[in-house]
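Below is one structure, written out as structure tokens; the observations come after it.
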Amino acid sequence: MNGRHSTKRYINTGQAIWLVFLMLLSCAELVPLSEADSFFFPFLFLFSLFCIAHSRHILPPAWHHALARWLHPLTVRLRAFHIWQIRGTVPPPLCGKSCVCKNCGYAFTGNFCPRCGQSRYTSRYVLKGIAGNVLRTIFRVDGKFAHTLLELLYRPGYVMRDFIHGKRVKYTLPLAMVFLMTAFYMLTAKLIVPEIWERKEEKTSEQIETLRMKAEKLQQTIFELERQKSEVDNPVEQKSIELAILESEKKLAEVQRQDSIAGAPQTDDELGIFHFAFIEKAEKAIKSVPFLANVWNLMWKWGHGNKAFHILLTLPLLAIATRWAFNEKKQPDAFNLMEHILIQAYIATQILLISTLVVPFNGTAHIDDLYEVPFWFIFFLFCWDYRQLYLCTWWRSFWKTLQMFTYCLLIIIGLAMAGISLLYWVEGGRIIHL
């Protein structure tokens with residue numbers, strides 16, 4: 001026993017890095033100390049230090065044995081819960097008694113009628129079960145929706161693993177889950193915080209009015225410049241005035257285009273990614289072709305403000321980064337890219353579900369953001385999901401998740417640089433052609 005304890009009386013490099021990382025976060029949270037501090041990272045640091053000391057037998061033997069006896073009931077229940085997580089919901093045993101189907105009248109043996117598929121356990125509707133019937137009518141959708149949501153709360157990684165490996169009868173399809181949960185989130189935000197939509201509509205009307213005032217000023221400026229041009233005889237001054245008129249007309253066309261797009265971000269503090277310089281050049285290049293211009297306008301109107309569409313755009317990015325981070329290509333039973341996309345759809349559904357549950361407690365909703373929860377909580381969910389999905393340790397899951405988000409950032413930077421290079425190449429080709 002002493003030899004076994006002596007071999008574990010040390011902290012490895014990974015645990016030391018983790019403790020130092022938590023210590024730095026604790027110092028950053030506590031300095032300067034305020035009443036708004038949640039003490040999350042200090043508590044996590046002390047808890048991690050205690051767990052490492054307990055697992056490495058750094059604590060005195062008497063403390064170790066006393067703690068083991070005190071935690072024994074909790075340890076047993078945690079192991080039982082872990083087994084339940086792995087197994088999931090076990091189907092009822094096959095009934096060997098004969099039964100007559102209430103739907104089609106076919107006599108059969110088993111749990112479901114082989115002729116029409118109705119369950120043999122079809123009971124009557126009673127008044128005391130009205131609450132359950134209403135909830136099942138609203139939330140079950142296709143009979144699997146509530147079951148999938150429930151299992152995504154306590155065994156998300158195992159749900160994804162089961163679905164990819166062929167256990168799909170009791171689960172709703174991942175992409176359908178994303179659309180359904182987005183609808184439930186928006187409905188919850190509408191019911192809990194209805195004033196958000198009113199403020200958004202007021203803000204949009206104010207933006208439209210501001211744009212129209214800008215358009216009137218630009219039109220007046222163009223009129224004044226044309227009047228000055230007619231009064232000036234110097235060719236140099238006329239050329240400069242013509243350039244000013246062209247610049248004002250470009251600004252007027254841009255303001256009119258923004259005014260024609262309902263609900264698009266208009267103010268300078270809300271320009272976002274769709275109004276960077278290279279995106280504006282891309283719009284001009286696309287709109288030079290009539291067919292591409294129609295497609296672009298359709299995608300813009302459908303994509304702007306469509307939360308499910310924005311989430312779906314992130315799925316391939318996260319799928320590629322996850323596959324690179326876990327280096328699955330060399331494994332014979334590795335998940336392919338499409339399976340990774342479905343896995344990311346389930347993770348997005350899980351985050352949307354938690355976001356929906358958080359809205360009533362927050363008292364507000366961030367409908368323009370992808371999710372309601374902060375990034376550190378999303379990072380923790382990814383660690384938890386990957387730990388169950390890949391059957392790895394918490395430590396490996398943490399580093400692989402960090403690696404995955406790093407790959408996402410690098411992919412975004414690479415796509416942005418490629419887009420900028422392509423646009424400058426297109427603009428350069430046009431200049432040479434002219």
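When a residue number appears, it is its place in the shown sequence, counting from 1.
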Separation of L415 CG from L317 CG (nearest 0.5 Å): 7.5 Å
OG1-CD1 distance between T182 and I311, expressed to the nearest 0.5 angstrom: 4.5 Å
Under 3.5 Å: donor-acceptor pair, side chain of R120, backbone of N111: no
Shortest non-hydrogen contact from L152 toward P156: O-CB, 3.5 Å
Taking every non-hydrogen atom, the tightest pair across K400 and A325: NZ-O, 3.0 Å
Whether F184 and F145 hold their rings parallel, tilted or perpendicular, with breakpoints at 30° and 60°: parallel
S48 vs L19 side-chain heavy atoms within contact, under 4.5 Å: yes
Student check: side-chain heavy atoms of L173 and R168 closer than 4.5 Å: no
Pairs involving residues 402-417, ordered by first then second residue, that meet side-chain hydrogen bond (donor to acceptor under 3.5 Å, both in side chains) (sequence neighbours left out): Q403-Y407
Sidechain N-carboxylate O distance under 4.0 Å for D162, R155: yes
Gap separating the CH2 atom of W395 from the SG atom of C383, nearest 0.5 angstrom: 11.0 Å
Any L46 side-chain heavy atom under 4.5 Å of P42 side chain: no
Y121 atom OH, over 12 foreign heavy atoms within 6.0 Å: yes
Closest non-hydrogen atom pair, V178 against A348: CG2-CB, 4.5 Å
Donor-acceptor pair, side chain of S26 and main chain of F41, under 3.5 angstrom: yes
V100 side chain reached by Y106 side chain, heavy atoms, under 4.5 Å: no
Other residues, nucleotides, ligands: >12 heavy atoms within 6.0 Å of F47 CZ: no
Distance (rounded to the nearest 0.5 Å) between L49 CG and M23 CE: 8.0 Å
R323 CZ to M404 CE distance, which is reported to the nearest 0.5 Å: 15.5 Å
Y154 and W84 aromatic ring geometry - parallel, tilted or perpendicular at 30°/60° bounds: parallel
Residue pair L318, F382: steps toward the side chain to side chain contact (heavy atoms under 4.5 Å, CB included) verdict: CA-CA 11 Å; L318 294 171; F382 271 93; 4.1 Å; yes
Working for side chain to side chain contact (heavy atoms under 4.5 Å, CB included), residues K144 and Y171: CA-CA 5 Å; K144 310 173 187 178; Y171 299 123; 5.8 Å; no
Nearest atoms (heavy-atom pairs only) where P174 meets L342: CB-O, 3.5 Å
Stepwise side chain to side chain contact (heavy atoms under 4.5 Å, CB included) test for T349 and T172: CA-CA 11 Å; T349 303; T172 305; over 6 Å; no
Parallel, tilted or perpendicular: ring planes of Y390 versus F326, cut at 30 and 60 degrees: parallel
Side-chain donor or acceptor of Q344 paired with backbone N/O of I341 under 3.5 Å: no
W384 and F380 aromatic ring geometry - parallel, tilted or perpendicular at 30°/60° bounds: parallel
Pairwise side-chain contact, I351 with I347, heavy-atom cut-off 4.5 Å (strictly under): yes
L25/L44 under side chain to side chain contact (heavy atoms under 4.5 Å, CB included): CA gap, chis, key distance, verdict: CA-CA 10 Å; L25 292 178; L44 185 60; over 6 Å; no
side-chain hydrogen bond (donor to acceptor under 3.5 Å, both in side chains) assessment of Y386 paired with T322: CA-CA 9 Å; Y386 287 155; T322 302; 2.7 Å; yes
Side chains of I86 and H82 in contact at under 4.5 Å (non-hydrogen atoms): yes
Heavy-atom check, side chain of F335 versus side chain of H165, under 4.5 Å: yes
Shortest non-hydrogen contact between P316 and L313, atoms and distance: CD-O, 3.5 Å
Distance in Å, S397 OG paired with Q388 CD, rounded so as to fall on 0.5 Å steps: 9.5 Å
Side-chain heavy atoms of M181 within contact of L149, under 4.5 Å: yes
Heavy-atom closest contact (S355 atom, V373 atom, distance): OG-N, 4.0 Å
